[in-house]
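Take a look at the structure set out below.
The basis for the numbers below is simple: all heavy atoms, side chains too, and nothing from hydrogens, waters or symmetry mates.
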Amino acid sequence: MKKQVKNNIYWVGKIDWELREFHGADYSIHNGSSQNAYLVQEEKTFLVDTVWEPHKNEFLDNLKKEIDLKDLDFIVINHGEVDHSGALPALLEEVPGLPIYCTQAAVKSLTGMYHHPEWNYNVVKTGDSIDIGNGKSLVFVEMKMLHWPDSMATFMTGDNVLFSNDAFGQHYAVEELFNDKADQCSMDEEALKYYANILTPYSSFAKRKLKEIGDLNLTFDIIAPSHGAIWRDNPTQIIEKYIAWADAYKEDQITVIYDTMWDGTKKLAHKLAKEIREKSPDTVVKVYNISLYDKNDIITEVFKSKAIAVGSPTVGNALLSSVSGWLAFLHEMKFKDKKAGVFGCYGWSGEGNKKLREILTNSGFEVVDEEVKSLYNPTDEIDVQIEALAESLVKA
Ligand code: FEO
């Protein structure tokens, strides 16, 4: 059943409480999610985006209860990724030739995904518009690399609604749809996790695009993303957050991240956290064992941090695989303007810290010279190294 968003704009998507992973297993879902698709019934009747392929039948069945599919004038596809375009092939089987408005890059991604170059593509660029009747129009804004080359947002004049697709979204299920109905704390956390884990690598693009959108001097009554809560209460709050997050965001937080074989490196992690707390009582200090915590949640904590410390024992001249694997994920994020320190225990050759230093440097961190390296199980003699590393991180 359609749910009204504003005037003749309706939500016709999927609230997905069962979803536990996204992007394969690369993104954990703790509180459900949604694929928000929209039906607009002005003089023109059209859809903005669809849902993921497993929900295509439910999507089409629900839509048919609201309209005769043959009454659709066109569909806007803001982004070709399958969570938004998955029902498109089934829809086009029912209404062949339906015009698709999308970017040039989306023609490429949709063709790559579904192998239908004959679909009725209508390529749009930033500033192009379509009259939808009743004195309203759609204005398109390319959102290149937020987070795909094909990404786009669509602004509907008259109602001042921005269909922003992935930007400003959260993987968060809200049956009542709107941000004022959501648990504020959970929603804010999910929005932050979404930015930290999906958009951080594209922050330079986000920064430019947010300025461009600001320069348009548009009024936003509603920001309607394709995942999670729809922003209708103070909708620009999420734009303001994105402006801060896109600018090498950091808080007064230091996060200690490690894994351990026989608890030696764990002891170092907690000694370091204690020392940081003593040196800088106002700094938020958090400690995560990579094997015990969700990898995306740790990335979110890194996003908030001004500095991190990463620890692993030396294993096979290298690192524990849990640490190496998580560091490969960290590398993807292209964090900027953050410091890092390294620590770990070793038994004979001790290459762990060198490996950590290399990977963190290649991942964009400024790795401080001070480090903690303990031959076998640490004793109090290690405290001199702990103090030096803590001092250096606190100064970040
Ligand atoms: Fe929600 Fe990039 O797809």
Side-chain angles (χ1 to χ4, degrees), residues 21-28 147 192-203 248-250 253-270 272-273 276 285-347 349-374 385 389-390 392-393 396:
E21 292 175 332
F22 189 78
H23 283 163
D26 234 17
Y27 191 104
S28 59
H147 65 127
L192 179 65
K193 175 182 173 182
Y194 187 94
Y195 187 96
N197 283 270
I198 294 178
L199 291 168
T200 297
Y202 311 111
S203 280
Y249 184 80
K250 57 187 164 186
Q253 176 173 329
I254 297 175
T255 305
V256 180
I257 303 146
Y258 75 98
D259 204 353
T260 194
M261 285 180 79
W262 300 109
D263 283 355
T265 303
K266 175 181 169 184
K267 285 177 192 158
L268 296 181
H270 286 279
L272 182 60
I276 293 167
V285 186
K286 297 185 181 181
V287 184
Y288 294 101
N289 178 316
I290 287 172
S291 290
L292 300 180
Y293 281 87
D294 180 281
K295 65 180 183 300
N296 300 107
D297 292 343
I298 304 177
I299 290 287
T300 308
E301 296 302 332
V302 174
F303 182 80
K304 290 193 280 183
S305 299
K306 62 180 182 179
I308 63 171
V310 182
S312 171
T314 299
V315 186
N317 309 111
L319 307 171
L320 280 172
S321 61
S322 55
V323 179
S324 308
W326 181 81
L327 284 171
F329 190 37
L330 182 78
H331 182 266
E332 283 177 35
M333 294 299 126
K334 301 184 175 68
F335 282 113
K336 287 190 171 62
D337 200 23
K338 294 183 191 291
K339 285 195 177 181
V342 302
F343 63 96
C345 295
Y346 68 106
S349 52
E351 293 90 344
N353 280 10
K354 184 165 172 280
K355 290 275 180 197
L356 287 170
R357 193 174 281 283
E358 281 170 10
I359 297 168
L360 286 165
T361 302
N362 290 336
S363 302
F365 289 81
E366 183 193 334
V367 184
V368 300
D369 292 338
E370 294 78 8
E371 64 177 37
V372 179
K373 189 172 176 181
S374 174
Q385 294 180 38
L389 178 56
S392 190
L393 294 176

Please identify each residue that fulfils ring-ring contact (aromatic ring centres under 6.0 Å, His included) with Y195, with sequence neighbours left out. Y242, W245, F303
Any cation-pi pair here, K295 with Y288, using under 6.0 Å and within 45°? no
Got L268 and C345 here, is their nearest side-chain heavy-atom distance under 4.5 Å? yes
Do K286 side-chain atoms and Q253 backbone N/O form a donor-acceptor pair below 3.5 Å? no
How about I299 and F335: do any of their side-chain heavy atoms sit closer than 4.5 Å? yes
Considering only heavy atoms from C-beta outward, does the side chain of I257 approach that of V302 to under 4.5 Å? yes
Looking at T314 and Y346, would you say the former's side chain and the latter's main chain have a donor-acceptor pair under 3.5 Å? no
Chi angles and distances behind the side-chain contact (heavy atoms from CB on, under 4.5 Å) call for K266, N289: CA-CA 8 Å; K266 175 181 169 184; N289 178 316; 5.8 Å; no
Within the supplied structure, the quantity of interest is the number of heavy atoms (other residues, nucleotides, ligands) at a distance under 6.0 Å from F329 CZ; does it exceed 12? yes
Take the angle between the ring planes of H147 and H23 and call it parallel below 30°, perpendicular above 60°, tilted in between. tilted
Steps toward side-chain contact (heavy atoms from CB on, under 4.5 Å) verdict (I308, L360): CA-CA 10 Å; I308 63 171; L360 286 165; 4.1 Å; yes
Just how far is it from atom OH of Y27 to atom CG of D294, taken to the nearest 0.5 Å? 9.5 Å
Contact between L389 and V368 at the side-chain level, heavy atoms closer than 4.5 Å - yes or no? yes
By salt bridge (Lys or Arg N to Asp or Glu O under 4.0 Å), which residues pair with E358, not counting sequence neighbours? K354
With a sphere of 6.0 Å drawn around NZ of K304, does it hold more than 12 non-hydrogen atoms of other residues, nucleotides or ligands? yes
Any donor and acceptor pair, going by atom type alone, linking the side chain of K338 with main-chain N or O of S305 inside 3.5 Å? yes
Check against side-chain hydrogen bond (donor to acceptor under 3.5 Å, both in side chains), N197 and T300: CA-CA 7 Å; N197 283 270; T300 308; 3.2 Å; yes
Does some side-chain heavy atom of T265 sit less than 4.5 Å from a side-chain heavy atom of S312? no
Starting from the C-alpha separation in whole Å, work towards a yes-or-no answer on side-chain contact (heavy atoms from CB on, under 4.5 Å) for D337 and K250. CA-CA 9 Å; D337 200 23; K250 57 187 164 186; 3.0 Å; yes
